[in-house]
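This report concerns only the one structure given below.
Here the structure is a predicted model, which means the values were calculated and not measured. Letters A, B, ... mirror the listed sequences (proteins, then strands); counts begin at 1.
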Protein chains: 2
Amino acid sequence: MDQIFKALANQSRREVMDKIFARDGQTLSELCEIASFSRQAVSKHLQILEDAGLVVTHWSGREKLHYLNPAPVHEISERWLKKYARRQMTAISALKETLEK
Amino acid sequence: MDQIFKALANQSRREVMDKIFARDGQTLSELCEIASFSRQAVSKHLQILEDAGLVVTHWSGREKLHYLNPAPVHEISERWLKKYARRQMTAISALKETLEK
DNA sequence: TTGACATGCAACCTTTCAGTTGCATATAAT
DNA sequence: ATTATATGCAACTGAAAGGTTGCATGTCAA
């Protein structure tokens, strides 16, 4: 869980995820195209995403293909965010009242 | 957005949030009770949460009261996670098929 | 079989992060 | 008035994060 949050905490990694989201099965080289930094840096980011279970890989010859795994995102959404987001409706007005006391 | 993700990326901060979640309006001292580290550390964490908009504060005399603001969590859920979580249903079986090719 | 391409591994550097300690300030209680 | 309580601010430290460079390895193509 901590691993997933940490993996998502970096802008570059979220961009990489967005690029995979756009088209599943891209190689490392393809994913490097958008990046403003080196292949090794992208590779490290992908490793972190993979360790967190957010990305799944598959070798095809000398190419490493990258696929998104939405399960961890879904899990965080279910187990953690929902708890807080549920307060969304009533919280703001209640908060205002409290603060005005 | 980046600020919110970064704020959530730390276990201690999520624990602090959980404690506020349990009862809104706790003081800094109260929030320190659960923590395994110094008041200053907790204070720093709260500042980061506050900067990210996740926590709202209110002074009452010499005491600083802390309230949860679920809006940013909700926003992340809506604007970012939903996009990925939506794939949840079909993704796994599709992924398996792809990988078996 | 030689050369080009796709990737991995490891050492290194700089910046950020999480936490500490020490001191200052403001409010409450005696 | 004095003391205790609640908090803030700033400097410091060790560890982790994000990135780089250089070299090694495995696979495809000519």
Distance, rounded to the nearest Å, where [X] contributes [atom1] and [N] contributes [atom2]:
X     : N      : atom1 : atom2 : answer
B:L28 : C:dA26 : CG    : P     : 18 Å
B:E30 : D:dA6  : CD    : P     : 10 Å
A:Q47 : C:dA10 : CD    : P     : 12 Å
A:K64 : D:dT27 : NZ    : P     : 14 Å
A:W59 : C:dC5  : CH2   : C1'   : 12 Å
A:E63 : C:dA4  : CD    : P     : 19 Å
B:D51 : C:dT16 : CG    : C1'   : 15 Å
A:H58 : C:dT7  : NE2   : C1'   : 16 Å

Among A:V55, A:L49, A:I4, A:L8, side-chain contact (heavy atoms from CB on, under 4.5 Å) partner for A:P72: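 Only match with A:P72 under side-chain contact (heavy atoms from CB on, under 4.5 Å): A:I4.
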How far does [atom1] of [X] sit from [atom2] of [Y], to the nearest 0.5 angstrom?
X     : Y     : atom1 : atom2 : result
B:Q3  : B:D51 : CD    : CG    : 6.0 Å
B:F5  : A:F5  : CZ    : CZ    : 9.0 Å
B:K64 : B:L28 : NZ    : CG    : 8.0 Å
B:C32 : B:R39 : SG    : CZ    : 7.0 Å
A:E15 : A:Q11 : CD    : CD    : 4.5 Å
A:R79 : A:H74 : CZ    : NE2   : 11.0 Å

Is any side-chain nitrogen or oxygen of [X] closer than 4.0 Å to OP1 or OP2 of [N]?
X     : N      : answer
A:S29 : C:dT7  : yes
A:S43 : C:dG8  : yes
B:H45 : C:dC17 : no
B:K6  : C:dT16 : no

When the ring planes of A:Y67 and A:H58 are compared, do they come out parallel, tilted or perpendicular, using 30° and 60° as the limits? tilted
How about B:H45 and B:N10: do any of their side-chain heavy atoms sit closer than 4.5 Å? yes
Using side chain to side chain donor-acceptor pair (under 3.5 Å) as the criterion, point out the one residue from B:H66, B:E63, B:K19 that pairs with B:Q26.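 Option passing the side chain to side chain donor-acceptor pair (under 3.5 Å) with B:Q26: B:K19.
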When the C1' atoms of the five terminal pairs at each end define the local axes, what inter-axis angle does the helix from C:dT1-D:dA30 to C:dT30-D:dA1 show, to 10 degrees?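 The end-segment axes of the helix from C:dT1-D:dA30 to C:dT30-D:dA1 are tilted 20° relative to each other.
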Interface residues of residues 7-18 of chain A with DNA chain D (non-hydrogen, below 4.0 angstrom): A:N10, A:S12, A:R13
Please confirm whether any donor atom in the side chain of B:R62 sits under 3.5 Å from an acceptor in the base of D:dT5, or the reverse. yes
With a sphere of 6.0 Å drawn around NZ of B:K82, does it hold more than 12 non-hydrogen atoms of other residues, nucleotides or ligands?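 Not buried by this count: 12 neighbours or fewer within 6.0 Å.
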Show each protein N/O and nucleotides 20-24 of chain C N/O combination with a separation under 3.5 Å, one pair to a line.
from   : atom 1 : to    : atom 2 : distance (Å)
C:dT20 : OP2    : B:S38 : N      : 2.8
C:dT20 : OP2    : B:S38 : OG     : 2.6
C:dG22 : O6     : B:Q40 : NE2    : 2.9

Between A:R14 and A:D18, does a salt bridge (charged side-chain N to carboxylate O under 4.0 Å, His left out) hold up when you go through it step by step? CA-CA 6 Å; A:R14 293 197 302 276; A:D18 283 343; over 6 Å; no
